[in-house]
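Data block below; observations after.
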Amino acid sequence: MGRAGCCCRGAERLASPSVVRRFRPVLLLIIAVCCGAHIGQCQVATPQCHIQKCTTDFVSLTSHLTSAVDGFYTEFCKALRSYSACTQRTAKSCRGNLVFHSAVLGISDLMSQRNCSRDGPTSSTDPEIHYEPCNYHSRTQHAHTHPHMHAHAHSHSHGHSHGHAHPRLGYLFCGLFGDPHLRTFKDSFQTCKVEGAWPLIDNNYLSVQVTNVPVVPGSSATATNKITIIFKPYEGCTDQRVYQAVTDNLPAAFDDGTVSSGDPIHTSAGADGGAGKVRALWISERSPGRHVELHAGYIGVTVIVRQLGRYLTLAVRIPEELAQAYDATQDLQLCLNGCPTGERIDQGGHLLLPLSPPALGLQLQQLHRPSFSSQTQVSPYSDTQVFDVEGARERCREQLEAQDIYFHSCVFDLLTTGDANFTVAAYSAQKDMESLHPHRDRWRIYPRISSSFTLHADAHNIKRLALLLLCCLSTALI
């Protein structure tokens with residue numbers, strides 16, 4: 001008794017000065033949200049004080065934002081400016097209100113932390129004004145707030161959705177690189193043969209197919225030399241568009257020569273901080289012939305295609321509800337279900353290194369050369385080398401700090417192919433994953449055990465021991 005202010009249970013444990021300084025803006029906004037949600041337990045706003053409405057609008061504007069979403073910082077700053085403007089409008093009637101003053105301090109601190117300017121565009125809280133049917137996020141947010149107006153929302157789905165009855169607003173990630181290594185929607189990491197043409201994604205909105213070819217003789221490993229992406233027609237937004245990339249031909253246009261589709265719709269923040277109208281579907285060339293990004297705003301999909309060395313890599317982000325929109329004839333999708341068991345090179349997630357490095361395809365050539373080095377040696381091919389385990393690990397450490405599955409994949413690729421470009425492929429695949437994967441806590445995947453390296457080291461030691469015993473036996477017999 002006798003305590004004033006918000007009585008959110010457990011708050012007294014957060015009162016240490018170091019914790020408060022570090023998390024002050026978050027704590028202040030938590031107070032605003034907490035107290036706004038528990039009227040009667042805190043000092044509440046008067047009927048004229050609309051701080052609760054300001055806080056609710058801010059939460060609504062930012063609840064969908066993650067650092068993986070395009071334009072995150074721009075949208076967050078716009079929402080903060082809207083929140084600040086709302087508090088200014090109600091400042092006079094909220095004088096002396098704890099919730100109001102906590103919100104004002106929290107806004108100020110967050111603006112400083114995010115380097116948000118006080119002046120600039122703001123977010124609108126009126127969904128009727130900015131409803132954009134060819135923008136996936138706008139459309140799903142509108143459907144969430146006006147469900148009675150979207151009874152036909154799945155009219156574009158000719159099959160059925162494999163999941164819950166309510167739409168899932170989360171995103172999924174899939175990536176393919178190297179020999180090839182596949183990261184599925186479920187964050188399962190696999191290394192597969194899959195020679196020839198295979199579907200990665202095949203649903204009612206998007207189809208992605210890759211073609212893989214053998215990398216070196218004597219190995220079952222393959223790599224991607226062709227990617228075909230089909231954006232299926234979406235009424236009122238875009239006609240069908242096909243994008244195709246092959247080795248040494250990474251175009252910045254669709255097959256019909258266009259670079260975009262659909263009428264100009266929503267505003268998007270550019271790299272220079274400016275804003276402009278974009279279309280429902282467009283291509284962005286980041287590095288000519290090396291790096292292309294495809295943005296399908298009408299279905300919330302982003303695709304990154306790269307060429308590194310002679311082969312291609314792919315990274316995709318797609319809304320979960322759309323990834324689940326397929327029928328029984330579309331169930332062969334590597335991103336969805338992984339590679340068939342017979343196509344797996346890894347053993348239940350364990351990626352065993354080749355037992356006879358250096359690179360299998362080059363080893364026969366090197367046996368006939370008089371000067372063979374056990375470390376790293378330039379081969380007749382300009383972009384290939386011969387690596388042993390330590391040489392491969394050292395090269396991969398130059399690009400990849402954490403010894404996660406991307407690092408292990410890099411070592412495997414160097415031992416298998418001798419192609420140093422696969423080091424850059426693993427690094428770029430990791431960076432593309434970090435830019436598109438919506439869940440930071442799932443970024444890192446580590447091998448279940450470190451037996452892949454241990455197994456190879458043990459095999460090497462066994463060979464040396466056997467040779468030593470043979471020498472001893474020969475000496476004894478002599």
Side-chain angles (χ1 to χ4, degrees), residues 176-182 189-193 212-225 247 306-313 345-347 350-431 445-447 449-464 467:
L176 186 77
F177 71 98
D179 277 353
H181 308 289
L182 171 72
F189 207 99
Q190 305 175 359
T191 300
C192 311
K193 307 172 191 176
N212 302 313
V213 295
V215 180
V216 289
S219 171
S220 58
T222 65
T224 304
N225 72 343
T247 296
R306 296 178 186 265
Q307 178 174 336
L308 298 162
R310 294 187 294 260
Y311 304 105
L312 307 177
T313 70
I345 293 178
D346 65 289
Q347 300 176 7
H350 304 298
L351 184 57
L352 302 180
L353 299 180
L355 290 177
S356 301
L360 299 178
L362 302 171
Q363 189 177 12
L364 294 177
Q365 298 177 26
Q366 295 299 331
L367 289 176
H368 300 289
R369 300 184 65 178
S371 58
F372 174 74
S373 169
S374 62
Q375 276 293 93
T376 302
Q377 186 173 1
V378 178
S379 79
Y381 298 103
S382 60
D383 56 349
T384 55
Q385 297 177 341
V386 177
F387 294 93
D388 71 350
V389 175
E390 287 306 316
R393 295 186 68 180
E394 182 178 351
R395 174 61 66 89
C396 292
R397 273 195 294 265
E398 293 176 2
Q399 296 278 348
L400 301 158
E401 296 180 1
Q403 294 193 18
D404 60 0
I405 198 65
Y406 289 92
F407 176 85
H408 283 248
S409 299
C410 173
V411 174
F412 175 88
D413 291 352
L414 291 185
L415 292 176
T416 302
T417 70
D419 188 344
N421 288 302
F422 282 108
T423 303
V424 184
Y427 173 79
S428 298
Q430 186 182 70
K431 292 305 176 184
I445 299 177
Y446 292 92
I449 57 174
S450 58
S451 62
S452 57
F453 288 118
T454 304
L455 177 63
H456 188 280
D458 289 346
H460 182 66
N461 291 333
I462 290 172
K463 289 180 181 178
R464 294 181 62 183
L467 182 62

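- Thr224 contributes atom OG1, which lies 4.0 Å from atom CG of Asn212 (distance to the nearest 0.5 angstrom).
- Asn225 and Thr247 share no side-chain donor-acceptor pair at under 3.5 Å.
- Between Leu415 and Phe387, the closest heavy-atom pair is CD2-O, 3.6 Å.
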- Item | Stepwise side chain to side chain contact (heavy atoms under 4.5 Å, CB included) test for Ile405 and Ile445 | CA-CA 6 Å; Ile405 198 65; Ile445 299 177; 4.0 Å; yes

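- Within the 4.5 Å cutoff, side-chain heavy atoms of Val215 are placed close to those of Tyr311.
- When every heavy atom of Ala402 is checked against every heavy atom of Tyr446, the shortest pair comes out as CB-OH, 4.0 Å.
- Rounded to the nearest 0.5 angstrom, Asp179 CG and Cys192 SG are separated by 11.0 Å.
- Partners of Thr423 by side chain to side chain donor-acceptor pair (under 3.5 Å), not counting sequence neighbours: none found.
- Residue pairs that meet the disulfide (SG to SG under 2.5 Å) test with at least one member in residues 401-430, sequence neighbours left out, are Cys396-Cys410.
- Shown here are the side chain to side chain contact (heavy atoms under 4.5 Å, CB included) partners of Thr191, two or more places apart in sequence or in another chain: His181, Ile345, Asp346, Leu351, Phe412.
- Looking at heavy atoms from C-beta onward, Leu400 lies in side-chain contact with Gln430 at the 4.5 angstrom threshold.
- Contact detail for Ala392 and Val411: the closest heavy-atom pair is CB-CG1, 4.0 Å.
- Inter-residue side-chain proximity for Arg393 and Val389 is flagged as met; some heavy-atom pair is nearer than 4.5 Å.
- Between the side chain of Asn421 and the backbone N or O of Val424 there is no donor-acceptor pair closer than 3.5 Å.
- Legend: residues meeting ring-ring contact (aromatic ring centres under 6.0 Å, His included) with Tyr406, ordered by chain and number and at least two apart, are Phe177, Phe189.
- Between Arg397 and Glu394 no salt bridge is recorded (no basic side-chain N to carboxylate O distance below 4.0 Å).
- In this structure a side-chain-to-backbone donor-acceptor pair under 3.5 Å is present from Thr222 to Lys193.
- In terms of heavy-atom proximity, Thr416 sits nearest to Ala221 at CG2-CB, 3.9 Å.
- Looking at residues two or more places apart in sequence or on another chain, you find no salt bridge (Lys or Arg N to Asp or Glu O under 4.0 Å) involving Glu401.
- By the side chain to side chain donor-acceptor pair (under 3.5 Å) test, Thr313 pairs with no residue at all, sequence neighbours left out.
- Contact check for Asp419 versus Arg310: side-chain heavy atoms found under the 4.5 Å cut-off.
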